[in-house]
Amino acid sequence: MKIWAKTIKDEKIFRDILFEYEHITNLDEFVTVMQQICEQMDIPTPVATHVNLRHFVMFNNTRFKPRDFVESVDFDTLDIEAVPDRKKK
């Protein structure tokens with residue numbers, strides 16, 4: 001599966017990546033994927049909670065605001081969205 005991660009600043013996409021992952025079934029796996037995504041985007045890793053995992057699993061997305069980061073960030077939100085795999089016919 002894939003995750004589209006994007007930082008938003010002033011309602012515009014500031015930077016984004018498409019990240020491939022195996023599966024996410026618990027908070028530890030979610031945190032590991034978030035660490036890898038943030039490392040590739042060269043941004044701090046947010047503090048991910050069970051609420052973020054639940055939103056990701058139930059709604060295929062979650063959002064982190066600057067208050068979710070220990071370090072200061074230069075964007076308004078970090079949006080994480082699951083991208084469904086397309087089946088070839």
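Basis for what follows: all heavy atoms, side chains included, without hydrogens, waters or symmetry-related copies.
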**Request:** Report whether Met1 and Ile37 are members of the same hydrophobic cluster (ILVMFWY, side-chain heavy atoms less than 4.5 Å apart, transitive linking).
**Result:** yes

**Request:** Begin with the C-alpha distance, continue with both residues' side-chain angles, and end with the deciding distance and a verdict on side-chain contact (heavy atoms from CB on, under 4.5 Å) for Ile24 and Ile3.
**Result:** CA-CA 11 Å; Ile24 295 176; Ile3 290 178; 4.2 Å; yes

**Item:** Closest non-hydrogen atom pair between Cys38 and Pro44, with its separation
**Value:** SG-O, 3.5 Å

**Pairs where residues 25-36 contributes a residue and the test side chain to side chain donor-acceptor pair (under 3.5 Å) is met, not counting sequence neighbours** = Thr25-Glu29

**Request:** Kindly indicate whether the side chain of Val73, heavy atoms from C-beta on, has any atom under 4.5 Å from the side chain of Leu78.
**Result:** no

**Item:** Thr7 side, atom OG1; Ile43 side, atom CD1 - distance, nearest 0.5 Å
**Value:** 6.5 Å

**Asked** What distance separates His55 NE2 from Thr49 OG1, expressed to the nearest 0.5 Å?
**Response** 8.5 Å

**Asked** Would one find more than 12 heavy atoms of other residues, nucleotides or ligands at under 6.0 Å from atom CG of Asp42?
**Response** no

Identify every side-chain donor-acceptor pair in residues 11-23 under 3.5 Å, counting partners at least two apart or on other chains, and give the distances.
{"unit_1": "Asp16", "atom_1": "OD2", "unit_2": "Trp4", "atom_2": "NE1", "d": "2.9"}

Under 3.5 Å, which donor-acceptor pairs do the side chains of residues 58-70 form with other protein atoms, sequence neighbours left out?
{"unit_1": "Thr62", "atom_1": "OG1", "unit_2": "Asn52", "atom_2": "ND2", "d": "3.2"}
{"unit_1": "Arg63", "atom_1": "NE", "unit_2": "Asp79", "atom_2": "OD1", "d": "2.8"}
{"unit_1": "Arg63", "atom_1": "NH2", "unit_2": "Asp79", "atom_2": "OD2", "d": "3.2"}
{"unit_1": "Asp68", "atom_1": "OD2", "unit_2": "Lys65", "atom_2": "N", "d": "2.8"}

**Message:** Could you measure the distance from the CZ atom of Phe75 to the CE atom of Met41? Nearest 0.5 Å is fine.
**Reply:** 7.0 Å

**Request:** Could you state whether Val31 and Val57 fall into the same hydrophobic cluster, counting links through intermediate Ile, Leu, Val, Met, Phe, Trp or Tyr residues with side-chain heavy atoms under 4.5 angstrom apart?
**Result:** yes

**Prompt:** At their closest point, which heavy atom of Ala82 faces which heavy atom of Pro84, and how far apart are they?
**Reply:** O-CD, 3.7 Å

**Message:** Quick check on the hydrophobic clustering: are Met34 and Leu27 connected, directly or via other members, by side-chain heavy-atom contacts under 4.5 Å?
**Reply:** yes

